[in-house]
Amino acid sequence: MAKDTSKDRSARDTHYATLRRQVRDAKRERGEIPTPAPQKRKKSAEGWTPPQLAPEQIYLYGLHTVRAAIDNPERRIIKLSVTQNALARLEIGPAETLSFPVEIVSPQEIDRVLGPDAIHQGVMLETRPLPVRRLEALRESPLLLVLDQVTDPHNVGAIMRSAVAFNAGAVITTQRHSPTESGVLAKSASGALELIPYIQITNLADALGELHRLGFYSIGLDSEGPAPLEGTFQGGKIALVLGSEGKGLRQKTREIVNALARLDMPGAIKSLNVSNAAAIALYASRQFLAKAAS
């Protein structure tokens with residue numbers, strides 16, 4: 001009697017379909033492939049209004065973002081809302097074994113909180129903000145990134161990923177005209193928000209002064225800077241300062257940094273998106289610090 005292999009094929013097809021979906025989701029989380037355009041999801045934002053959040057209430061979403069938050073011992077979790085399928089894909093164990101409340105919901109229930117355009121992948125985490133960090137705690141970090149009113153949370157999230165990749169000690173930004181900790185920022189950072197301090201300060205000039213007292217040499221990136229970045233480095237601790245997407249560094253910031261430098265670009269385009277510029281500057285800084293230490 002011939003063996004019926006239909007069940008084996010079905011299980012195998014399901015397994016490979018799950019693997020393909022996981023690879024695709026991971027690429028989207030890292031920004032390697034685009035997420036589906038909102039209009040392709042056949043959902044409408046008409047009639048949706050965002051919920052009123054308490055000052056200490058944040059909603060994070062997306063598989064990679066939520067998994068990173070759950071793995072972060074400093075993250076105070078209030079509740080996980082998740083579909084049955086997404087819970088299995090999170091790979092965090094049965095709901096009853098977790099140390100925080102878990103509610104099994106439908107995707108539509110998450111849509112009602114986050115809005116129909118959020119790519120939540122069936123998972124939403126209600127949490128408290130991460131603990132506030134002080135500049136003094138960064139004394140031993142050789143490399144910091146300072147943002148002068150970079151407003152787009154997608155850009156800041158991408159900058160965070162690069163900062164983690166090059167082992168920067170923190171991303172420092174202003175409280176005003178900068179994105180606060182949020183689901184959009186965390187999703188764009190793809191887990192990096194849990195891996196690097198995101199420090200929001202009241203006065204950037206005062207913060208740069210404190211960094212100088214802690215021994216950091218601050219370099220402001222400017223397309224019209226007087227010298228190339230690679231010829232500007234000094235000392236054993238560097239604070240890179242990048243300006244907003246349109247205006248660049250503010251005049252007061254230009255006056256306070258130790259040096260202004262440019263990224264030399266031989267091509268026809270002489271300026272880059274701030275997140276791309278941050279990645280290049282971080283790489284160059286690491287190269288200098290490695291040589292200085294050898």
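Predicted model, so just to flag it, every value in this text is computed and none were measured. Residue numbers start at 1 and run along the sequence shown.
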Residues Leu87, Ile92; criterion side-chain contact (heavy atoms from CB on, under 4.5 Å); working and verdict: CA-CA 8 Å; Leu87 179 61; Ile92 55 175; 4.1 Å; yes
Donor-acceptor pair, side chain of His177 and main chain of Gln149, under 3.5 angstrom: no
Nearest non-hydrogen partners of Leu221 and Ala281, listed with the distance: CD1-CB, 4.0 Å
Sub-4.5 Å side-chain heavy-atom contact between Pro107 and Thr83: yes
Whether over 12 other heavy atoms sit under 6.0 Å from Arg128 CZ: yes
Non-hydrogen side-chain atoms of Leu193 and Met160 separated by less than 4.5 Å: yes
Side chain Arg262, main chain Pro226, donor-acceptor under 3.5 Å: yes
Leu214 CG to Arg139 CZ distance, which is reported to the nearest 0.5 Å: 5.0 Å
In one Ile/Leu/Val/Met/Phe/Trp/Tyr side-chain cluster, 4.5 Å: Ile256, Leu249: yes
Beyond-backbone contact of Leu130 with Glu194, side-chain heavy atoms, under 4.5 angstrom: yes
Gln200 CD to Leu147 CG distance, which is reported to the nearest 0.5 Å: 10.0 Å
Stepwise side chain to side chain donor-acceptor pair (under 3.5 Å) check, Ser275 with Asn273: CA-CA 6 Å; Ser275 63; Asn273 174 280; 2.5 Å; yes
Stepwise side-chain contact (heavy atoms from CB on, under 4.5 Å) check, Arg75 with Ile70: CA-CA 7 Å; Arg75 177 68 72 176; Ile70 290 173; over 6 Å; no
Test applied, salt bridge (Lys or Arg N to Asp or Glu O under 4.0 Å); reference residue, Asp148; option that passes from Arg250, Lys252, Arg176, Lys247: Arg250
Chi angles and distances behind the side-chain contact (heavy atoms from CB on, under 4.5 Å) call for Ile77, Leu98: CA-CA 11 Å; Ile77 299 171; Leu98 299 173; over 6 Å; no
Closest non-hydrogen atom pair between Ser285 and Leu240, with its separation: OG-CD1, 3.3 Å
Side-chain touch Ile159/Val274, heavy atoms, less than 4.5 angstrom: yes
Plane angle bin for Phe166 and Tyr283 - parallel if under 30°, tilted between 30 and 60°, otherwise perpendicular: perpendicular
Path from Leu282 to Val150 over hydrophobic side-chain contacts below 4.5 Å: yes
Nearest heavy atoms of Leu138 and Phe216, plus distance in Å: O-CZ, 3.5 Å
Linked, directly or transitively: Val164 and Leu289 (ILVMFWY side chains, under 4.5 Å): yes
Minimum heavy-atom distance Asp206-Arg213, with the two atoms named: O-NH2, 4.4 Å
Heavy-atom donor-acceptor pair, Asn258 side chain to Ser218 backbone, under 3.5 Å: yes
Nearest heavy atoms of Leu145 and Ala163, plus distance in Å: CD2-CB, 4.3 Å
Non-hydrogen atoms of Val123 and Leu63 that approach each other most closely: CG1-N, 3.7 Å
Asn167 and Arg286, any side-chain heavy atoms less than 4.5 Å apart: yes
Minimum side-chain heavy-atom gap Ile280-Leu272 below 4.5 Å: yes
Hphob cluster co-occupancy, Leu263 + Val241, side-chain heavy atoms under 4.5 angstrom: no
Derivation and outcome, side-chain contact (heavy atoms from CB on, under 4.5 Å), residues Thr180 and Leu185: CA-CA 8 Å; Thr180 58; Leu185 175 62; over 6 Å; no
Rounded distance (nearest 0.5 Å) linking atom CD1 of Ile238 with atom CG of Leu211: 13.0 Å
From OG (Ser188) to CG (Asn155), nearest 0.5 Å: 9.0 Å
Point-to-point distance, once rounded to the nearest 0.5 Å, from CD of Glu181 to OH of Tyr198: 9.0 Å
Pair listing, side chain to side chain donor-acceptor pair (under 3.5 Å) test, anchored in residues 229-239, at least two apart: Tyr217-Gln234
Glu126 side chain reached by Ser81 side chain, heavy atoms, under 4.5 Å: no
Rounded distance [0.5 Å steps], CG in Asn85 versus CD in Gln121: 10.5 Å
Cluster check Leu208, Leu260: I/L/V/M/F/W/Y, side chain < 4.5 angstrom: yes
